[in-house]
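This report refers to the structure that appears directly beneath it.
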There are 2 protein chains.
Amino acid sequence: MAGHRPSSRKKILAAAADLARQSGPVRFSLDAVARHAGVSKGGLLYNFPTKAKLMQGLVEDYLGEFEEALDAASGPDKEESLLAAYVRLSAKECESAQPAAAWIFAAMAEDPDFLEPIHAFRKRLLDRLRAEASDPTAMMVAFLAVEGLRNIKLFGSKTLTPEEREDVLAALLSAAEDASRRPEAVVAYSSGSVVKSSG
Amino acid sequence: MAGHRPSSRKKILAAAADLARQSGPVRFSLDAVARHAGVSKGGLLYNFPTKAKLMQGLVEDYLGEFEEALDAASGPDKEESLLAAYVRLSAKECESAQPAAAWIFAAMAEDPDFLEPIHAFRKRLLDRLRAEASDPTAMMVAFLAVEGLRNIKLFGSKTLTPEEREDVLAALLSAAEDASRRPEAVVAYSSGSVVKSSG
DNA sequence: CTTACTGTACCGTCTGGACGGTAATGTCAA
DNA sequence: TTGACATTACCGTCCAGACGGTACAGTAAG
C-alpha cells in the first residue's frame, strides 16, 4: 500500500494549500496536513523535515508557477505588455471560486519572514514594470488596484459583484496598455481614461 | 455600557495591537498580551473573558475609530467627497512607520470570522461610494488601489519608495474628486443650506 | 541495499482558560 | 457611626490538551 514515487511532495503541497483554504491558519498543524494529504505524519516529515520547510515549499511552488506563467505570457517576442499580463493573470487567479494563496496567512502566522520571497518577487516585478511604463503613476495605480483586488479576495470578502470585478478588470487591462510603452502594441484610442496621472 | 473606568481595557487593547505589530501572530497569546500590557493574566481574562472577545474588541475599536474619523471628514456639510476622505485617511494610516492593524493577522489566524465586521464595514462604505460616484469604474479603481496600498503595508513589504507612494496618493486623491459627483463642492453656488443628495 | 514511505510511541513546551483568592470600594440596615 | 455583606477589578496558579518534532521498527518496490 505504499506509493513509491516522489509524487507525495506535490500531493502534500496541494493538500496543505487546500487545508489552509478550508480551515483557518490555527488548524494548520502538521498532523492536520498529513491527515488531509492522506499521508502519515512520518511521511510528511520525510518530505518536509520541519514545518518551516513546508511553508517554504508552499511559497516557492506558488511563486514559481506564477512567474512561469508571467514569463510565458509576456516574453520579449510577445505582444502583451508585462503589466497587462500581470493584470490578466491576477484576474484569472481572482476569478476562481477560492483564493489560491490562502496559505499565506498560515505562513504569516508562523513567521512573517516566510513571505520574504514574495516581497522580493514583487520588487523584481515592479522594477520591470517601472522600466516599461510610459506613465509610471498610472502603472502604479493599476498595479495597486490589482493588489487590492487580490487581497480582498484573499481575506474572503465579497465586496464587489462579479460584474464590477469584470468591469474594473477590463478598465485595468486597457489602462495597462495605455500606461506601457510597447512600440508594437496597437492601442491608439484613449476612451475615458480611468487611470490617468495628474500632477 | 459606557462610563466605567476602562483604564485597563484600553491599555490592554493598545498593548495587544502593539504586540501583534512587533511579534508575529504566533506569539500573540493571552500570556504575552497580559505581560505586554502590564496586567496579570487573570486581569486580562476579567476584561476579555475569552481570546475571541479580545479579538472582537480589537476589531471594533479599530473600526469605530476609523468610521468616526471618516464621518468627521466627510459629513453632509463638508466639502470633501467620501472617496477623497477615504483615500486621505487611508494614506495617513499608511504613512505611519508601523501598520495600525497588524493584529488582523492574529485575528485571521484565530478565526477568519473575526474579520466579518470589517467586511461589513467595507461593504457599507462601498455602497456609499457607489452612490456618490459619477464614474463608478474610476471610483472602484481608486478604492482598490488604496486597498492594495494598505495591504502591501500590512504585509510588511517595502515595494514602493516613499516618493512613489506620495505620487500615487496624490493621483488617487485628485482622481477621487473627479470620480465623485459633489454638486456644490467647488462650484460657485455659495448659498449656505443645500439639500444633501445621497441615494 | 536503498528509497520512500507507514505506524506508533513518545517528549518538552506552550496554550486557553478555569479557578480560587483578595484588596479596594460601595451599599445599607441598625 | 458602625458592622455586615456585595460588587468590582484584579492576581497567580493550575491543568488538560494540542503542538512540533524525534525515534524507531516495519515494509513494499526497485
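All values below come from the heavy atoms of this structure, side chains included, with hydrogens, waters and symmetry mates left out. Because the structure is predicted, anything quoted here is derived from the model rather than measured. To find a chain, count down the sequence lines: A is the first, B the second, and so on, and within it residues start at 1.
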Check the phosphate of [N] against [X], side-chain N and O only, distance under 4.0 Å to OP1 or OP2. Yes or no?
X	N	result
A/N47	C/dC5	yes
B/Y46	D/dA9	yes
B/S8	D/dA9	no

Decide, yes or no, whether a salt bridge links [X] with [Y] under the criterion of side-chain N to carboxylate O below 4.0 Å.
X	Y	result
A/R150	B/E147	no
B/R130	A/E164	yes
B/R128	B/D71	yes
A/E60	A/K53	no

>> Please determine whether side-chain contact (heavy atoms from CB on, under 4.5 Å) holds for the pair A/L54 and A/L13, giving the CA-CA distance in whole Å, both sets of side-chain angles, and the decisive distance to 0.1 Å.
In response: CA-CA 8 Å; A/L54 214 202; A/L13 247 23; 3.8 Å; yes
Euclidean distance, atom [atom1] of residue [X] to atom [atom2] of [N] [Å, nearest integer]:
X	N	atom1	atom2	result
A/L44	C/dT6	CG	P	9 Å
A/L30	C/dT6	CG	C1'	16 Å
A/F48	D/dT22	CZ	P	16 Å
B/R35	D/dC10	CZ	P	19 Å
A/R9	C/dT3	CZ	P	17 Å
A/R27	D/dC19	CZ	P	9 Å

If you restrict it to nitrogen or oxygen atoms, what contacts under 3.5 Å exist between nucleotides 12-18 of chain D and the protein, and what is each distance?
residue	atom	partner	partner atom	Å
D/dG12	O6	B/G42	N	3.4

> Taking all non-hydrogen atoms of both residues, which atom of B/F28 and which atom of B/K51 are closest, and how far apart?
Replying inline: O-NZ, 3.0 Å
>> Quick check for you: among C/dG17, C/dT6, D/dC10, whose closest atom lies nearest to any side-chain atom of B/K51?
In response: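 Of the candidates, C/dG17 comes closest.
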> Where the side chain of B/V39 is defined as all heavy atoms beyond and including C-beta, which of D/dC11, D/dT8, D/dG20 is the nearest nucleotide?
Replying inline: D/dC11
> Rounded to the nearest 0.5 Å, how far does NZ of A/K41 lie from CG of A/D31?
Replying inline: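 Going from CG on A/D31 over to NZ on A/K41, the span is 4.0 Å.
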>> With rounding to the nearest 0.5 angstrom, report the CG to CZ distance, A/L129 to A/F143.
In response: 6.5 Å
>> Ring centres under 6.0 Å, that's the criterion: do A/F155 and A/F105 meet it?
In response: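 Under 6.0 Å, so yes.
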>> Aromatic contact between B/Y62 and B/W103, with the criterion being ring centroids under 6.0 Å apart: yes or no?
In response: yes
>> Please report the end-to-end axis angle for the helix from C/dC1-D/dG30 to C/dA30-D/dT1, five pairs per end, rounded to 10 degrees.
In response: 20°
>> If you take any heavy atom closer than 4.0 Å to DNA chain C, which residues from residues 107-117 of chain A end up in contact?
In response: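 Residues of residues 107-117 of chain A that come under 4.0 Å of DNA chain C do not exist, since none gets that close.
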> With a cut-off of 6.0 Å (strictly less than), are more than 12 heavy atoms of other residues, nucleotides or ligands near CD of A/E166?
Replying inline: no
